[in-house]
Amino acid sequence: MAGYDFAAIEKKWQQYWSDNETFRQPNPGEPNFADRPRMYVLDMFPYPSGAGLHVGHPEGYTATDIMVRYRRMKGFNVLHPMGYDAFGLPAEQYAVEHGVHPRETTERNIANIERQIKMFGFSYDWSRRIATTDPDYYRWTQWIFLQLFNSWYDPQANAARPISELISRLESGQSVVGIGGEVQFNTSDGLTPYFGGPIGTIKFHELSPEHRREIIDSHRLAYMAEVPVNWCPKLGTVLANEEVTNEGRSERGNWPVYRRALKQWMLRITSYADRLLDDLQMLDWPESIKIMQRNWIGRSEGADVDFCIAGSPEIITVYTTRPDTLFGATYMVLAPEHPLVEEITSDAQRDAVREYVRQSAGKSELERTAETKEKTGVFTGAYAVNPVNDERIPVWIADYVMMGYGTGAIMAVPAHDTRDLEFAEQFDLPIIQVVQPPGGTDFRGYVGDGVAVNSGQFDGLETAEFKKKITAWLEQRGLGKAAVNYKLRDWLFSRQRYWGEPFPLVHCEKCGVVPLPEDSLPLELPEMEDFTPASSDDPSAPPSPPLGKMAGWVETTCPACGAPAQRELNTMPQWAGSCWYYLRFLDAKNDKAFVDPEIEKYWMGPREDAPAGGVDLYVGGAEHAVLHLLYARFWHKVLFDLGYVSSPEPFRKLFNQGMIRSFAYRDSRGMNVAYDEVDLREDGAYHRQTGEKLAESVEKMSKSLKNVVNPDEVIGQYGADTFRLYEMFMGPLDASKPWNTRDVPGVYRFLNRVWRMIAGTEDASSLLGETQCDTVERALHKLTKKVGKDIEAMKFNTAIAAMMEFVNLVYGKAGRISPDQAERFVLLLAPLAPHMAEELWQKLGHEETLAYESWPVYDDNMIAAEEATLAVQVNGKVRGRVTVSADASEDAIMEAVLAEAKVASALAGKQIVKQIIVPGRIVNLVVK
RNA sequence: GCCGGAGUGGCGGAAUUGGCAGACGCGCGGGAUUCAAAAUCCCGUUAUGGCAACAUAGUGUGGGUUCGAGUCCCACCUCCGGCACCA
């Protein structure tokens with residue numbers, strides 16, 4: 001059919017947009033910048049994998065493209081950039097396996113994915129394109145790392161501050177160092193000048209230089225610490241939790257992963273726990289994502305309680321959220337790794353305890369947590385003294401207590417804790433009720449609130465009240481104090497891999513860890529022939545990062561003292577680059593700063609109606625609900641504290657597009673069958689060759705299920721506009737929906753109808769006619785209102801349905817459309833199917849792009865119906881309908897209703913008890 | 001186990017937020033056009049009964065509130081996503 005030649009049209013307009021830089025958005029201060037309302041709309045930038053885009057990527061990209069095209073027509077300055085999150089393990093692993101340099105595969109993958117993205121005709125400002133692997137980009141990633149390194153979290157200010165402030169505070173004696181190395185205010189300063197600081201504290205200048213450095217380093221936002229990590233000897237690197245499968249193996253390569261303590265770089269995200277939690281309330285995010293972040297941060301309030309060990313000077317502190325159940329504590333459990341285990345274990349129990357500790361150390365995290373059915377543990381032979389009643393309770397060790405949370409020790413209250421109950425039953429330990437549940441519920445395992453029993457003078461108190469009382473009671477006696485705990489851990493920030501940002505640091509024997517001067521950045525990743533990590537089968541083999549092999553790169557001089565020094569060999573994790581890319585888009589070419597403050601303020605600064613500031617709309621998949629979004633918020637807050645950005649939050653509004661899944665077919669042996677072997681018949685799917693009936697299900701797209709839909713093919717067959725329209729028409733943007741290629745021709749037909757309506761084809765003339773049809777005019781006003789409203793609410797499916805109805809009307813009842821009406825319709829279509837819209841716009845006699853045409857306006861008077869048809873119900877059942885003028889009075893309506901024959905017959909012999917009239921909708925008569 | 005989200009025709013979904021359930025699209029059936037087909041256009045399409053007008057039932061299940069419930073409340077079932085011995 002000659003007519004709608006999508007291939008030619010799409011190529012032509014993509015070329016036009018590119019040649020004319022149609023979507024380049026100048027920054028404030030640049031020529032052609034117009035002062036208009038701003039809108040920053042951002043897609044989560046893709047990881048350029050070798051597989052390219054799947055149909056899920058363009059779903060979000062299409063949605064944002066519609067939003068920005070609409071906003072441009074509404075007179076906004078629109079920032080809409082795209083880039084690539086290109087460092088990371090998959091690219092590197094692929095490179096290792098194929099013997100190609102990761103830079104090469106990365107560049108190739110980026111080229112391919114960009115080709116794909118451009119096929120869709122998205123209106124990105126490509127002049128702002130970035131890749132996290134560009135030295136010009138990661139120069140600033142390194143720079144931000146240095147800000148983290150050179151800062152500490154000041155609890156008084158509740159904000160990050162330059163580390164120099166801490167140093168001068170210590171040097172002036174304003175602050176002193178406590179026993180544990182913690183910094184505290186010198187409370188006695190000025191009062192007892194000759195007797196030093198508070199008990200147990202030391203003045204800074206009294207410490208050795210090494211010790212001083214240690215104190216400083218341990219307060220930085222980026223610090224090194226020995227922590228338990230997921231160590232994969234085969235990949236030769238530590239892995240983040242999400243890079244480890246449920247089976248305790250590496251996501252990439254499926255190799256064993258071991259729990260092991262290694263000295264690593266950490267970022268002090270836990271200092272921000274409360275702010276990350278509290279500031280969620282100022283964000284326009286899906287509630288479910290906020291809840292996930294809250295759970296991840298996992299703030300809980302309770303108390304630290306000190307238990308003495310009988311016959312030992314040791315004190316064991318436990319953390320509990322239920323201090324009100326202290327009287328029910330019948331034993332205590334330490335994590336096997338707890339430092340006091342060795343101290344308190346009795347000689348009789350020593351062998352058994354050591355054996356248990358050894359066993360649990362060998363277990364992976366998975367093995368420890370998977371064995372949920374049966375609890376294990378060993379008695380240490382020691383007894384603790386319950387501070388509330390001086391009862392002696394046995395101290396056990398068990399691996400259901402984790403060293404990483406709270407104090408690594410618990411008081412066990414089997415009556416009111418499910419896990420403790422299980423353990424107590426397993427080992428026959430006493431169970432004492434201390435909470436009376438409301439109603440007749442059994443107290444055993446009751447974890448809710450109730451009334452205290454068996455709790456001495458506290459009996460009869462409600463749980464909440466009891467908690468307050470007992471905490472105060474403990475504090476008075478120095479036996480404990482109120483405490484807050486978080487599930488959130490500090491962020492393990494180093495990887496022993498090649499393909500990541502190098503740390504801009506050197507290790508100097510004399511000066512310790514020394515940052516590189518900022519003006520020496522970027523510290524470029526050295527070119528290497530062999531970037532393969534040291535692979536091993538030995539879980540205890542020492543890590544040896546690939547960068548260590550570049551002796552010429554590693555050996556350098558200390559920027560502080562000039563002595564020989566070594567570079568840091570670790571690289572940053574993949575999350576680093578994505579933590580701040582939205583800021584670089586603002587000012588992608590700036591070589592003086594990561595972003596110009598004025599430009600940042602224009603695009604992201606807080607506004608009266610949006611105190612959080614930040615990106616106006618951020619669209620991406622829910623798989624980044626926690627980590628990416630939490631890490632980025634953390635970095636942003638650090639930059640905010642240090643005065644580099646003006647908004648407290650990076651993403652004001654977040655929207656998660658739903659996952660696009662697709663049909664998967666499986667034969668009787670459970671083998672997946674690819675689409676080209678599936679024969680779809682009326683009663684189901686059959687195998688083309690064997691004729692066997694296949695089982696159909698809807699699954700996440702994956703290679704192994706053979707159900708991946710490739711956008712290139714769909715675009716080749718139907719064009720980008722059809723693709724875009726189909727994905728938007730499938731259903732609500734945030735819902736998970738199955739891709740069904742069979743449905744694609746529906747929207748393709750619609751576009752063809754639009755084309756023929758305005759441009760005509762060889763064998764059918766257009767429906768353009770000079771006389772304006774009033775019905776069409778009214779419908780068009782209604783449509784304008786509807787489409788605008790739906791786009792703003794991101795309800796594209798109903799916007800498209802309304803356009804289809806409009807076109808059906810023009811084809812059917814009206815039979816014609818005036819050129820002026822056609823123009824307005826084209827403008828409404830433009831955000832959704834931009835190529836066709838541009839082409840039709842041109843055919844209607846315009847020379848310029850429609851990208852900056854004004855959005856059509858509607859007149860509510862044209863929409864208001866003159867007449868309304870009301871359904872008439874009798875006792876809730878529709879018995880007829882009446883048409884009355886829109887402003888009819890109730891009496892007039894009732895008159896019409898009673899005159900309606902069907903209603904009258906339904907009313908025959910009955911009495912109207914009540915009448916409900918909903919204007920413009922319904923009349924309900926209640927009769928007896 | 002805990003925390004979210006969702007269950008509406010053969011399928012994807014709509015329903016102005018308590019007011020005519022099934023918009024729009026797919027598929028299917030019928031018709032027009034054609035030598036024929038593709039494409040296109042028109043009509044029909046929740047189920048049951050009826051030639052029809054129409055009647056009855058109907059939004060996962062059971063109960064409730066209301067003149068009126070897909071929408072609100074209570075209990076339950078199923079599916080999807082996340083977390084998971086967090087003391």
Side-chain angles (χ1 to χ4, degrees), chain A residues 1 3 286-292 294-296 298-300 302 318-322 325 333 368-372 375 398-402 404-413 417-420 422-423 447 485-489 622-623 625-626 656 658-659 661 663 680 682-683 698 700 725-726 729-732 734-740 742-747 749-750 752-753 756 761 763-764 786 789 795 797-805 808 811-812 869-878 880-881 902 913-927:
Chain A
M1 62 136 249
E287 204 49 42
S288 60
I289 302 289
K290 289 191 186 181
I291 289 169
M292 279 161 84
R294 285 192 194 108
N295 291 344
W296 191 265
R299 185 193 150 99
S300 73
V318 303
Y319 171 72
T320 176
T321 55
R322 293 295 300 271
T325 60
V333 186
R368 263 178 78 158
T369 54
E371 293 165 14
T372 41
K375 295 243 178 314
D399 64 8
Y400 81 92
V401 174
M402 305 287 152
Y405 184 79
T407 60
I410 62 159
M411 63 174 205
V413 185
D417 182 285
T418 328
R419 299 149 301 179
D420 296 345
E422 259 175 60
F423 191 84
V447 297
N485 250 297
Y486 303 90
K487 284 201 255 180
L488 182 70
R489 300 272 76 98
E623 66 272 21
V626 177
N656 293 119
M659 195 193 305
R661 302 187 297 162
F663 293 102
L680 290 175
E682 226 176 291
D683 62 333
V698 174
K700 214 184 250 192
L725 224 49
Y726 171 65
F729 187 59
M730 287 171 80
D734 54 358
S736 153
K737 324 158 264 270
W739 176 279
N740 193 349
R742 258 207 317 201
D743 289 342
V744 176
V747 284
R749 271 200 275 272
F750 163 69
N752 272 289
R753 277 160 75 81
R756 218 168 46 251
T761 64
D763 34 40
K786 168 92 177 149
K789 223 171 74 184
K795 288 162 77 174
N797 53 332
T798 48
I800 295 166
M803 292 185 156
M804 288 172 166
E805 277 183 274
N808 289 345
Y811 269 83
T869 300
L870 306 184
V872 182
Q873 296 180 336
V874 177
N875 283 346
K877 281 192 175 152
V878 181
R881 53 206 72 217
K902 281 176 199 155
V913 189
K914 194 172 178 186
Q915 62 190 48
I916 296 108
I917 300 174
V918 183
R921 302 231 163 270
I922 209 165
V923 176
N924 191 12
L925 304 175
V926 185
V927 301

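Reminder, nothing fancy here: chain letters follow the sequence lines and each chain counts from 1.
For the pair A:Arg756 CZ and B:C41 C1', the interatomic distance rounds to 8 Å; values are reported in whole Å. Rounded to whole angstrom, the span from the CG atom of A:Leu488 across to the C1' atom of B:C83 amounts to 14 Å. Whole-Å rounding puts the A:Phe750 CZ to B:U40 P distance at 15 Å. Atom CD of A:Glu422 and atom P of B:G1 are 13 Å apart (whole Å). A:Ile291 places its CD1 atom 16 Å from the P atom of B:G82, with the value rounded to the nearest Å. A:Lys700 places its NZ atom 8 Å from the C1' atom of B:G81, with the value rounded to the nearest Å. In this structure, the CE atom of A:Met292 is 13 Å from the C1' atom of B:C80, given to the nearest Å. What separates CG of A:Asn752 from P of B:A38 is a distance of 17 Å, to the nearest Å.
A:Lys290 comes within contact range of no nucleotide atom at all, as no heavy-atom separation falls under 4.0 Å. Nucleic acid contact for A:Arg753: sugar-phosphate only, since backbone atoms but no base atoms lie under 4.0 Å from a heavy atom of the residue. Using a 4.0 Å heavy-atom criterion, one finds that A:Arg881 contacts the bases of the nucleic acid, with or without backbone contacts as well. Contact annotation for A:Asn808: backbone-only contact, meaning every heavy-atom pair under 4.0 Å involves sugar-phosphate atoms and none involves a base. Among the heavy atoms of the strands lying under 4.0 Å from A:Thr869 is at least one base atom, whether or not backbone atoms are also near.
For the OP1/OP2 pair of B:G68 and a distance below 4.0 Å, the side-chain nitrogens and oxygens of A:Arg921 include no atom meeting the criterion. Taking only side-chain nitrogens and oxygens, A:Arg749 comes nearer than 4.0 Å to OP1 or OP2 of B:C26. Neither OP1 nor OP2 of B:A87 sits under 4.0 Å from any side-chain N or O of A:Tyr319.
The separation of B:C20 from B:G70, taken at their C1' atoms, amounts to 14 Å, rounded to a whole angstrom. Using P as the reference atom, B:G22 and B:G31 are 28 Å apart when rounded to the nearest Å. For the P atom pair drawn from B:U8 and B:A15, the interatomic distance equals 15 Å after rounding to whole Å. Using C1' as the reference atom, B:U17 and B:A69 are 12 Å apart when rounded to the nearest Å. Nucleotides B:A21 and B:C74 are separated by 25 Å at their C1' atoms, to the nearest Å. B:A6 and B:U59 have their C1' atoms separated by 14 Å, given to the nearest Å. Taking the C1' atoms as reference points, B:U71 lies 7 Å from B:G18, given to the whole Å. Here the separation of B:G44 from B:C26, taken at their P atoms, is 15 Å to the nearest Å.
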*Between A:Asn656 and A:Ile289, does a side-chain contact (heavy atoms from CB on, under 4.5 Å) hold up when you go through it step by step?*
CA-CA 9 Å; A:Asn656 293 119; A:Ile289 302 289; 3.1 Å; yes
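Residues A:Ile410 and A:Thr320 form no side-chain contact, since every pair of their non-hydrogen atoms from C-beta on lies 4.5 Å or further apart. Counting heavy atoms from C-beta outward, A:Ile922 and A:Gln873 have side chains that approach closer than 4.5 Å. For the pair A:Asn808/A:Arg753, a side-chain contact is recorded, criterion being any heavy-atom separation below 4.5 Å from C-beta on. Put simply, the side chain of A:Tyr811 reaches to within 4.5 Å of the side chain of A:Arg756, judged on heavy atoms.
The main-chain N or O of A:Lys487 is never found under 3.5 Å from a side-chain atom of A:Arg299 such that the two would form a donor-acceptor pair. In this structure, A:Lys786 contributes its side chain and A:Ala802 its backbone to no donor-acceptor pair below 3.5 Å. At least one donor-acceptor pair closer than 3.5 Å links the side chain of A:Asn924 to the backbone N or O of A:Gly876. Looking only at distances, no side-chain donor or acceptor of A:Lys877 sits under 3.5 Å from a matching main-chain atom of A:Asn875.
Of the charged side-chain nitrogens involved, at least one lies within less than 4.0 Å of a carboxylate oxygen, so that A:Arg294 and A:Glu287 count as a salt-bridged pair.
Side-chain rings of A:Phe663 and A:Trp739 stay apart, their centers remaining 6.0 Å or farther from each other.
With a 6.0 Å cutoff to the six-membered ring centre and a 45° limit on the axis angle, A:Lys375 does not count as a cation-pi contact of A:Phe423.
Look at B:G4: its glycosidic torsion is beyond 90° from 0, and that puts it in the anti range. A glycosidic torsion no more than 90° from 0 defines the syn conformation, and B:U17 adopts it.
Mapping A:Asp420 and A:Ile922 onto RNA chain B via the closest heavy atom, the residue that lands nearer the 5' end is A:Ile922. Judged by closest nucleotide on RNA chain B, A:Val626 is the one of A:Val626 and A:Gly298 placed further toward the 5' end.
To the nearest 0.5 Å, atom CD of residue A:Glu805 and atom CD1 of residue A:Ile800 are 13.0 Å apart.
For the residue pair A:Ser300 / A:Tyr319, a side-chain donor-acceptor distance below 3.5 Å is found, with atom types taken as modelled.
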Polar pairs (N or O, both sides) under 3.5 Å between protein and nucleotides 6-13 of chain B?
residue, atom, partner, partner atom, Å
B:G12, O2', A:Met730, O, 2.7

Output one line per pair: protein atom, nucleotide atom from nucleotides 63-67 of chain B, and distance, for all N/O pairs under 3.5 Å.
residue, atom, partner, partner atom, Å
B:C67, O2', A:Asn924, ND2, 3.3
B:C67, O2, A:Asn924, ND2, 2.5

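Stem regions annotated for RNA chain B: B:1-7 with B:77-83, B:10-12 with B:24-26, B:27-32 with B:40-45, B:46-49 with B:54-57, B:60-64 with B:72-76, counting only runs of 3 or more consecutive pairs of Watson-Crick or G-U type with both contacts under 3.5 Å.
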